[in-house]
Amino acid sequence: MSIDALQRVDIHPTHTHGDFQLRPGRPIPFGATLVPGGVNFSVYSSHATACTLVLFEKGQSEPMAEIPFPDAFRIGNVFAMVVFGLDSETTEYGYRMEGPFDPVVGHRFDAEAILLDPYAKAIGGRDVWGTPPNWNDRYRHRARIIYDDFDWESDHPLEIPIEDLVIYEMHVRGFTRHASSGVKQPGTFAAMREKIPYLKELGVNCVELLPIYEFDEFEHSRPHPEREGEMLMNYWGYSTVGFFAPKAGYAATGKYGMQVDELKALIKELHQNGIEIILDVVFNHTAEGNEHGPTISFRGLDNKTYYMLTPEGYYFNFSGTGNTLNCNNPVVRNMVLDCLRYWASEYHIDGFRFDLAAILGRDPWGAPLANPPLLETLAFDPILAKCKLIAEAWDAGGLYQVGSFPAYGRWAEWNGKYRDDIRRFLKGDTGLAGSMAQRLQGSPDLYAWRGPTASINFITCHDGFTLADLVSYNGKHNAANGENNNDGANDNESWNCGWEGPTDDPWINGLRTRQMKNALAMLLVSQGVPMLLMGDEVARTQRGNNNTYCQDNELNWLDWSLMEQNTELLRFVQHCIAFRHAHPVLRNRDHYRNIDYVGSGYADITWHGTQAWNADWSDGNRTLAFMLCGRHAKGGTVVDNYIYVAINMHWDALPFEMPMPPLGTQWHLFANTSMPTPEDSYAPGSEPVLSDQRQCLVGGRSVVILVGK
Amino acid sequence: MALEVTLEIVDQSAHITLVGELDAASAPLFRTEIEAAAQAQVNRLVLFMQKLDFMASAGLRVLAFARQKMGGEVDIYMVGVQESVLETITMTGFHHSVFLVDSYDASQIGSA
């Protein structure tokens, strides 16, 4: 008998409940899965005594049915059931869990609560950003069922070598929400797609999105302290409601339940334009907060499994937000793995940046693990094998692992020390020449065995000052957050260039522009992986606010008129990015060895000062220069030009003696930040030759970049 | 408003005309005609959508089904798509999978 001749028996009901026909479900995969004739529901709880599936007509306040899982439908700690004949387009579902309410031992079951499926692939309830929800709704975040039928054609993750990336950290809503963006559907995935040409022109080949998992923008929302009628919102979104579902409010089609398609269409088009997409993922905590927070999902499903709890049953707070996900519990670990595999395979995501990733290395009682199972599992997972894995290697509990994050040969890190050293050198602090040499060559002091690709270099990110504010404010100005300026970091290493905030003084404004160029120039000639913050290329300001997590307004929205106002800076950044792409010697996978191993007559990297071959490492020094030997590009496998960079962070102009370029080549000027535009930078390939090949005057607080060819 | 769906096979083209609103309740009607068109082994599917006023996610699902059921060799044309429906199709990226035309003339587009 052929297989075709066999009639499937697993698509026939075996049980009924009212009008619903049922059969025992498959425990794997968790979540709601379309099967022939019905939907397979599977949910885990190790301590629940009973489970009920709650079904709603989409948007209705009262359930259309509640179907208890028969005892026979429970395998181990998994409740699994197929419900036949459901219209997946119009159905929302949740669960009721019965079990003990005994917080001291970690149990907080409440059979009255309707719980969101942790594996929900789409979530209703916040379909349009900022639309006030029905606060009386007994089920506010509603699991929906989706089809995985998107037409990807031949798309797949780009797998660009990490050393070749230029990352652009951005917020989906903030990128296009401003009226000046001129898009059809501001603040959405669709609008971001409209603006892909801008990203292409800028030259970035990777976008890193602040959280796009479903979150509640109304979490901790409150009246704006300074703006009548406006609310402070959970704008950044570092507070996950559902790990498997895209934020519906970021989709113009969210109100139609098509957010999955809209996001996939964005990813597909980014890939078609050679741009990777990295998601900022938040597995350290959830939106449920501490014991006073709402019960949305995990707390009611299996509190003791999903959260790190004190011996008294309270929530550990290593995230600074009320709770801590118990990531090294095997069940939670598997959920994280399932989640990342899902996004990598179903959404073609190219990589992940893990918020407060040090937490992921803590054991269930909070102690740092020497060999964290979750981090190891992710590093060696076959489906994630080509994904970029990037850690924010610290947490709010004081665990700081920059340079020591358990990497397993895979993990890269946001290099916080790079940020701090560059900022200090930029504002003229002394005693940094040695540290700067480390940062510029990919921080071998931190990543000796991991290579420069372990270092995600950044000077600014969403968390802190923008670049324009870094050179315009000495201190934070966070009153608009309504926390008496107590929130946000105090150690910003910023310098206002002589006046706090905006000024008409042309000298100060000129210095600020030069300092921004200096910062970006240093970033884009550093070994490692550069990351720019959205809008820094056009001097976006947050008016000195260094913690805009709650500001859904012009403080965070990118003003597209800045592209015209700050053409000079934008052009400079475009050139610097193009220069990086043009020169593989800036993008090595392995550290420099400080020797000549290809017979070029020059070491791969050499250090200089105002005198060639004589770098000044003394404490009072504010200068540094280096030359990269093009024959050593990519470990000597590629031939590139020689590059010389002179950095003068002293306030006076200083003459720098250059090393002689190789025979038959001359120094050409790519960038000089002390020059007015358009002489401040040149398109790669069009650099003019220097008339003086032995010495150049580097202006006060300026950077000069030469290319030998 | 309910959905009216008619299917006509013309040479080796399947012509489906949609009138009304394509939502979760009416999507099965559309899907049935897509399956019938696929059975007919046509090499072109032409969807006349001038009088389709609304399309919900269920409609998009049937379009995705049509794309995959018909196979890559079958060209899909959408004719006269109204602005609101077109926006949905564009924002979800489905316009990459079909030909959008204002009017349909088989002789100008090429023989089926």
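Reminder, nothing fancy here: chain letters follow the sequence lines and each chain counts from 1.
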Looking at A/Glu269, A/Arg193, A/Glu153, A/Lys58, which has the largest count of heavy-atom pairs under 4.5 Å with chain B? A/Arg193
Just checking, any donor-acceptor pair under 3.5 angstrom between side chains of A/Asp155 and A/Gln272? no
Heavy atoms of other groups near A/Tyr256 OH, more than 12 under 6.0 Å: no
Can you find a pair of side-chain heavy atoms, one from B/Ile89 and one from B/Met55, that are under 4.5 Å apart? yes
Can A/Arg142 and A/Asp137 be said to form a side chain to side chain contact (heavy atoms under 4.5 Å, CB included), step by step? CA-CA 11 Å; A/Arg142 296 166 165 237; A/Asp137 197 334; 3.3 Å; yes
Quick check on A/Asp149 against chain B: is it the side chain, the backbone, both or neither that has a heavy atom closer than 4.5 Å? both
Just do the side chain to side chain contact (heavy atoms under 4.5 Å, CB included) check on B/Arg31 and B/Glu35 with the steps written out, would you? CA-CA 6 Å; B/Arg31 184 181 166 117; B/Glu35 286 176 342; 3.6 Å; yes
Relative to chain B, which segment of A/Phe150 carries a heavy atom at a distance below 4.5 Å: side chain, backbone, both, or neither? both
Name the region of A/Lys184, side chain, backbone, both or neither, that has any atom closer than 4.5 Å to a heavy atom of chain B. side chain
Taking the ring centre of each residue, are A/Trp152 and A/Tyr347 less than 6.0 Å apart? no
No-hydrogen, no-angle side-chain donor-acceptor test under 3.5 Å, B/Glu87 and A/Gln185: yes
Strictly by modelled atom types, are B/Tyr77 and B/His15 linked by a side-chain donor-acceptor pair under 3.5 Å? no
For residues 58-66 of chain B against chain A, heavy atoms under 4.5 Å, the residues are B/Ala58, B/Leu60, B/Arg61, B/Ala64
Identify which part of A/Glu194 has an atom lying under 4.5 Å from any heavy atom of chain B, answering side chain, backbone, both or neither. neither
